[in-house]
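Structure, as structure tokens:
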Amino acid sequence: MGVIYRHEVKSNWKSLLIWAVCVGSMGLACILLFSSVQESMAGMAESFASMGAFSDAFGMRQLSIVTLTGFYATEVGTIHGLGGGMFAAILGVGMLSKEEDGHTSEFLFSLPIARSKVIWAKWWAVVTLILLFNLICIGLYGLGFLGLGEHIPVKKFLLYHGMQVFMQIEIGAICYALSAWMKKNQLGLGLGMVLLLYGYDLMTRVIPDLADYKVISPFSYANAADVFSSGTVAGTALAIGAVVLVVSIWLAHVVYGRRDLAA
């Protein structure tokens with residue numbers, strides 16, 4: 001089990017670095033640009049806050065983009081949320097299906113190791129890579145704050161990124177369950193699901209009739225504007241996310257454990 005875990009972490013190391021550096025660098029660039037655009041945004045902040053549905057969708061009514069906290073929540077929060085969700089989806093959706101897609105399942109499952117242990121080893125590799133992704137990104141954002149000599153509320157910052165980690169693990173679990181059904185790596189399916197969930201979250205913030213159903217999307221409890229403005233998390237949405245996570249991992253074990261795998 002340990003060998004498989006280390007192999008998966010090592011084989012996804014380059015992908016981890018590429019995604020973490022790209023997402024983290026974009027967030028770092030946004031933070032460093034804040035001081036140079038702060039004055040020009042001062043006159044636009046009120047206009048942005050009064051743009052109706054657009055303001056509601058991106059949290060500009062809750063937070064002012066003239067402050068570093070508001071700017072971070074609306075700009076960096078969007079980049080990190082989408083980038084992290086996509087990275088988690090890519091990891092999850094290919095972790096099990098790649099064995100059949102790469103014709104390595106016959107070798108792997110001929111080894112004296114239970115299939116359930118393989119499933120767990122691969123899942124913990126997904127979790128580890130998601131945690132490392134977030135640590136690298138947070139480190140780069142921290143460099144940005146140091147460069148500006150600014151700070152944002154630490155508790156809200158940690159709460160937001162904690163929810164981001166949980167959201168990415170939930171997305172990774174959903175895609176991991178999908179991977180158990182697939183014979184080929186369905187990368188487009190994973191990325192499409194993330195964009196669909198993100199788009200759905202935006203719609204629920206714009207359309208009043210959908211507001212009560214926004215808890216379906218994991219982006220609802222990991223929304224930067226909500227966390228930074230209130231300092232709390234939507235408990236119902238988080239509970240639903242936890243149930244979805246557990247059920248997804250259970251399904252992955254049941255489905256993949258019973259499947260006849262192609263050589």
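Nothing fancy with the numbering, it's 1 onward along the sequence. Everything quoted here is computed from the prediction, not taken from an experiment.
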Is any side-chain heavy atom of [X] closer than 4.5 Å to a side-chain heavy atom of [Y]?
X      : Y      : value
Thr204 : Ser220 : no
Met26  : Val76  : no
Ile240 : Ile216 : no
Leu140 : Leu143 : yes
Leu82  : Leu195 : yes

Hydrophobic clusters here meaning ILVMFWY residues chained together by side-chain heavy-atom distances under 4.5 Å, can you tell me if [X] and [Y] are in one?
X      : Y      : result
Trp13  : Leu131 : yes
Val21  : Val9   : no
Ile90  : Ile18  : no
Ile249 : Val246 : no
Val254 : Val243 : yes

Looking at [X] and [Y], what are the two nearest heavy atoms and their distance?
X      : Y      : value
Leu129 : Leu16  : O-CD1, 3.5 Å
Cys137 : Ala20  : SG-O, 3.7 Å
Trp181 : Val255 : CZ2-CG2, 3.4 Å
Glu170 : Gly241 : OE1-CA, 3.4 Å
Val227 : Lys156 : CG1-O, 3.8 Å
Ala177 : Ser248 : CB-O, 3.4 Å

| request: For this output row, return yes or no: ring centroids of Phe219 and Tyr200 closer than 6.0 angstrom. | output: no
| query | When the aromatic ring centroids of Tyr176 and Trp123 are compared, is their separation below 6.0 Å? | reply | yes
At what distance, to the nearest 0.5 angstrom, does [atom1] of [X] lie from [atom2] of [Y]?
X      : Y      : atom1 : atom2 : result
Thr128 : Leu132 : OG1   : CG    : 6.5 Å
Leu68  : Glu75  : CG    : CD    : 11.5 Å
Cys175 : Leu91  : SG    : CG    : 9.5 Å
Ile79  : Cys22  : CD1   : SG    : 12.0 Å
Leu251 : Leu178 : CG    : CG    : 9.5 Å
Leu238 : Phe166 : CG    : CZ    : 5.0 Å

| request: Can you sort out the partners of Leu146 under side chain to side chain contact (heavy atoms under 4.5 Å, CB included), two or more places apart, ordered by chain and number? | output: none
Check whether the side chains of [X] and [Y] place a donor and an acceptor atom closer than 3.5 Å, and report yes or no.
X      : Y      : answer
Gln164 : Tyr221 : no
Tyr141 : His80  : yes
Asn134 : Gln168 : yes
Ser217 : Tyr198 : no
Trp120 : His253 : yes

| said: Taking Asp226 first and then Arg205, would you say they form a salt bridge - that is, a charged N and a carboxylate O separated by under 4.0 Å? | reply: yes
| message | One pair to check against side-chain contact (heavy atoms from CB on, under 4.5 Å): Phe145 and Phe34. What are the steps and the verdict? | response | CA-CA 10 Å; Phe145 300 140; Phe34 173 72; over 6 Å; no
| query | Could you go step by step and tell me if Val233 and Leu159 meet the side-chain contact (heavy atoms from CB on, under 4.5 Å) rule? | reply | CA-CA 8 Å; Val233 176; Leu159 178 61; 3.7 Å; yes
| query | Is the Trp19 ring parallel, tilted or perpendicular to the Phe87 ring (thresholds 30°, 60°)? | reply | tilted
Looking at [X] and [Y], would you say the former's side chain and the latter's main chain have a donor-acceptor pair under 3.5 Å?
X      : Y      : result
Lys122 : Met95  : yes
Ser179 : Val93  : yes
Asp201 : Leu197 : no
Ser15  : Asn12  : no

| message | Is there a side chain to side chain donor-acceptor pair (under 3.5 Å) between Thr67 and Tyr72? Walk through the geometry before answering. | response | CA-CA 8 Å; Thr67 65; Tyr72 183 86; over 6 Å; no
